**Student:** 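First the structure, which I've put down as structure tokens, then a few questions once you've had a look.
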Amino acid sequence: MDVLGDVYVAVFATVMFGSMLANVVLNVGRVSDELCVTRGCHEARSLLPWTVALAVLVVTLALSRLLGPVFVTPAVGSWLLPTPVDRAELLRPRLVKILVICVLGVCPIVAAAAVLAGFGVGPTVGLVGVSALLGVAGVSLVALAQRRQGPVARLVTWSLALALWATLLTLATRRLPLVGTPEVFSTAWLAVLLAAGVAAVIATVRALRSLAHLRDRAVTPGGQLAPGLSGALASLDLALLFDVLLAHRWRRHDAVRPRRGGPSGLGALLWTDLTRLRRAPQPLVTLAAVVVVPYAGVVAGAGRIVVLVAALAGFLATLPLLSGLRVLVRTPGLARLMPFSVARLRWAVLVVPTGLAVLFGLACGPAVGQGLEVPAGAGLLLGLAVGLSGLASAVRWVTGRPPDYSRPLVSTPAGGVPTNLYGSAVRGFDVLLLTTAPMLLAPTVRGGEASLLLTAVVLAYLTGRR
């Protein structure tokens with residue numbers, strides 16, 4: 001009876017929250033029909049379902065490549081896989097489970113985007129079906145790549161990411177025509193649906209057949225990563241989650257060639273940041289690519305919200321640049337070995353990220369100026385404030401303290417919870433709202449100056465805090 005009661009509560013809660021979410025999406029779509037009157041808004045709205053579907057596919061492929069998608073726990077990898085058993089029978093349910101999760105994750109997101117764009121029932125079902133089939137095909141392709149360790153899955157992921165960026169760039173440059181609602185029963189759309197279905201079936205069948213040939217080293221890394229991710233999510237420590245992902249990424253790389261020479265003193269920390277960027281320039285590419293996001297927001301009619309959009313894009317793109325700061329924060333013993341104060345050490349590793357954040361803010365200045373309807377000079381100042389706001393938010397996110405279980409605990413249905421546990425989930429976003437609030441309330445030069453002053457105070461506090 002207890003099991004039946006738990007099942008009833010779970011089903012009832014799922015149905016209730018699902019209906020509430022669907023009602024919210026429908027109401028937002030209805031309001032969008034009334035408020036979306038400009039051509040840029042119509043272009044962005046017509047592009048929304050296709051952009052969201054493409055972004056969901058990119059995220060699905062990225063997560064699949066991160067975890068496997070076929071992976072086993074360390075215990076299974078150590079004692080069950082080496083035994084003379086049918087490996088395909090052991091791994092097949094795991095792949096099927098991942099495919100089901102992929103479908104359940106893709107369908108509601110794409111459906112919500114289609115409803116917000118004003119699609120009818122038929123076009124929505126057709127777009128959701130194509131997206132789900134392509135997601136299944138992508139996950140199966142990644143599972144096939146696990147056997148041969150080839151670059152096909154990586155190339156497909158980066159190609160889709162490049163297509164997504166090109167779509168945003170086309171929108172930002174106002175060269176995108178209105179995309180009409182797809183005709184589900186047209187010959188072209190039926191051909192697309194058939195091609196997606198054939199690709200999903202072929203990729204899934206080949207992936208299931210290749211499970212018997214997977215090696216231990218191909219399925220155990222994902223199982224070793226899963227416990228770390230679950231522990232970080234259980235403590236709501238997103239910074240720890242980033243650490244786990246970063247360690248997993250570099251664990252799969254070979255040893256790098258050491259570089260001798262360079263300056264001494266605090267300049268050595270600056271030199272390490274430059275060396276890190278030379279070895280892995282992906283953060284620079286990401287930071288340059290997200291510059292198109294605020295320009296696309298301006299075309300879509302975001303108005304003042306473009307400040308938040310640009311600051312959030314800078315926040316997320318600056319995080320990979322703070323690896324040196326993260327090392328000093330997570331290993332205080334290393335910082336004590338250096339004959340410098342905590343503030344000087346942290347400012348030394350922030351020189352390169354600060355310079356790149358300034359360049360990002362200046363590049364976003366024209367977009368921020370158009371969104372706030374201010375002159376070009378004021379737009380550059382506000383853009384600079386936006387870039388430094390993203391940097392301050394990233395520093396707050398990286399230097400946050402883990403949950404302290406030595407403090408008094410709060411009694412919850414899940415047990416005793418530290419008082420600073422829930423605050424860690426919004427860490428970084430609180431500074432983002434604080435430093436952008438003056439520009440939102442007063443979109444003038446005075447607002448930009450107040451934002452810069454707040455950002456300087458926050459950075460001084462975060463770099464000097466032990």
Side-chain angles (χ1 to χ4, degrees), residues 239 242 246 259 261-295 307 309-329 335 338 340-369 376-399 428 431-432 435-436 439 448-449 451-465:
F242 179 72
L246 194 64
R259 294 288 181 181
S264 60
L266 292 175
L269 299 176
L270 173 62
W271 183 258
T272 56
D273 281 340
L274 296 176
T275 303
R276 190 180 297 111
L277 288 177
R278 181 185 58 80
R279 289 173 176 169
Q282 293 89 345
L284 289 178
V285 178
T286 303
L287 188 65
V290 298
V291 173
V292 303
V293 174
Y295 288 92
V307 173
V309 173
L312 181 60
F315 168 34
L316 298 178
T318 307
L319 284 176
L321 300 172
L322 300 180
S323 299
L325 178 63
R326 190 61 179 167
V327 171
L328 293 177
V329 171
M338 300 182 184
F340 307 105
S341 63
V342 174
R344 294 182 66 189
L345 284 175
R346 294 184 179 179
W347 275 116
V349 295
L350 282 178
V351 172
V352 174
T354 302
L356 295 176
V358 168
L359 293 178
F360 172 80
L362 294 177
C364 296
V368 176
L380 290 178
L381 177 64
L382 295 174
L384 177 62
V386 164
L388 293 178
S389 172
L391 174 67
S393 304
V395 173
R396 160 68 174 152
W397 195 81
V398 169
T399 59
V431 172
L432 182 72
T435 53
T436 56
M439 291 182 287
E449 293 174 349
S451 178
L452 288 174
L453 179 61
L454 279 176
T455 302
V457 172
V458 170
L459 286 176
Y461 171 74
L462 293 176
T463 53
R465 183 177 63 170

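Predicted model only: the values in this text are computed from it and were never measured.
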**Student:** How about Trp347 and Val351: do any of their side-chain heavy atoms sit closer than 4.5 Å?
**Tutor:** no
**Student:** About how many Å separate OG of Ser393 and CG of Leu459, when rounded to the nearest 0.5 Å?
**Tutor:**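 OG of Ser393 is found 9.0 Å from CG of Leu459.
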**Student:** Once you round to the nearest 0.5 Å, how far does CG of Leu269 lie from CG of Leu274?
**Tutor:** 11.0 Å
**Student:** Return the minimal non-hydrogen interatomic distance between Met439 and Ser451, and the atom names on each side.
**Tutor:**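 In terms of heavy atoms, the two residues are closest at CE-OG, 3.5 Å.
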**Student:** Could you pull out the closest heavy-atom pair between Pro294 and Ala310, with the gap in Å?
**Tutor:**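 Nearest heavy atoms, Pro294 then Ala310: CB-CB, 3.8 Å.
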**Student:** Decide yes or no for Thr272 and Val349: does some side-chain heavy atom of the first lie under 4.5 Å from some side-chain heavy atom of the second?
**Tutor:** no
**Student:** Could you tell me if the side chain of Arg346 sits less than 4.5 Å from the side chain of Val329, heavy atoms only?
**Tutor:** yes
**Student:** side-chain contact (heavy atoms from CB on, under 4.5 Å) between Tyr295 and Val291: does it pass, once the steps are laid out?
**Tutor:** CA-CA 7 Å; Tyr295 288 92; Val291 173; 3.9 Å; yes
**Student:** Just so I know, are the side chains of Phe360 and Thr318 near enough to count as touching, which here means a heavy-atom distance under 4.5 Å?
**Tutor:**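 Result no, sub-4.5 Å side-chain heavy-atom pair not found.
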**Student:** Side-chain contact, heavy-atom cut-off 4.5 Å: Leu432 with Arg396?
**Tutor:** no
**Student:** Could you work out, with side-chain hydrogen bond (donor to acceptor under 3.5 Å, both in side chains) as the rule, every residue matching Ser389, not counting sequence neighbours?
**Tutor:**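 Listed in chain order: Thr435.
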**Student:** How many angstroms lie between CG in Leu319 and CZ in Phe315, if you round to the nearest 0.5 Å?
**Tutor:**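 Reported value, rounded in 0.5 Å steps: 5.0 Å.
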**Student:** A side-chain contact here means heavy atoms from C-beta on lying under 4.5 Å apart; do Leu322 and Leu350 qualify?
**Tutor:**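 Result yes, sub-4.5 Å side-chain heavy-atom pair found.
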**Student:** Quick one: side-chain hydrogen bond (donor to acceptor under 3.5 Å, both in side chains) partners of Thr354, sequence neighbours excluded?
**Tutor:**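 Partners of Thr354 under the side-chain hydrogen bond (donor to acceptor under 3.5 Å, both in side chains) test: none.
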**Student:** For a 4.5 angstrom cut-off between non-hydrogen side-chain atoms, does Val431 reach Leu391?
**Tutor:**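 They are not in contact (no side-chain heavy atoms under 4.5 Å apart), so the answer is no.
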**Student:** Calculate, to the nearest 0.5 Å, the distance between atoms CG and CG belonging to Leu381 and Leu362 respectively.
**Tutor:**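 So the CG of Leu381 and the CG of Leu362 are separated by 10.0 Å.
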**Student:** Compare all side-chain heavy atoms of Thr399 with those of Leu325 and state whether any distance is below 4.5 angstrom.
**Tutor:** yes
**Student:** May I have the step-by-step check of side-chain contact (heavy atoms from CB on, under 4.5 Å) for Leu287 and Leu359, ending in yes or no?
**Tutor:** CA-CA 10 Å; Leu287 188 65; Leu359 293 178; over 6 Å; no
**Student:** How long is the straight-line distance from CH2 of Trp397 back to CG of Leu316, given to the nearest 0.5 Å?
**Tutor:** 9.0 Å
**Student:** How close do Ser323 and Pro320 get, heavy atom to heavy atom, and via which atoms?
**Tutor:** OG-O, 3.4 Å
**Student:** Enter the distance from Leu321:CG to Arg326:CZ here, rounded to the nearest 0.5 Å.
**Tutor:**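 Going from the CG atom of Leu321 to the CZ atom of Arg326 covers 15.0 Å.
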**Student:** Could you go step by step and tell me if Val358 and Leu388 meet the side-chain contact (heavy atoms from CB on, under 4.5 Å) rule?
**Tutor:** CA-CA 6 Å; Val358 168; Leu388 293 178; 3.9 Å; yes
**Student:** Evaluate the side-chain contact (heavy atoms from CB on, under 4.5 Å) criterion for residues Thr463 and Arg344: first the C-alpha distance (whole Å), next the side-chain angles of each, then the deciding distance (0.1 Å), finally the verdict.
**Tutor:** CA-CA 8 Å; Thr463 53; Arg344 294 182 66 189; over 6 Å; no
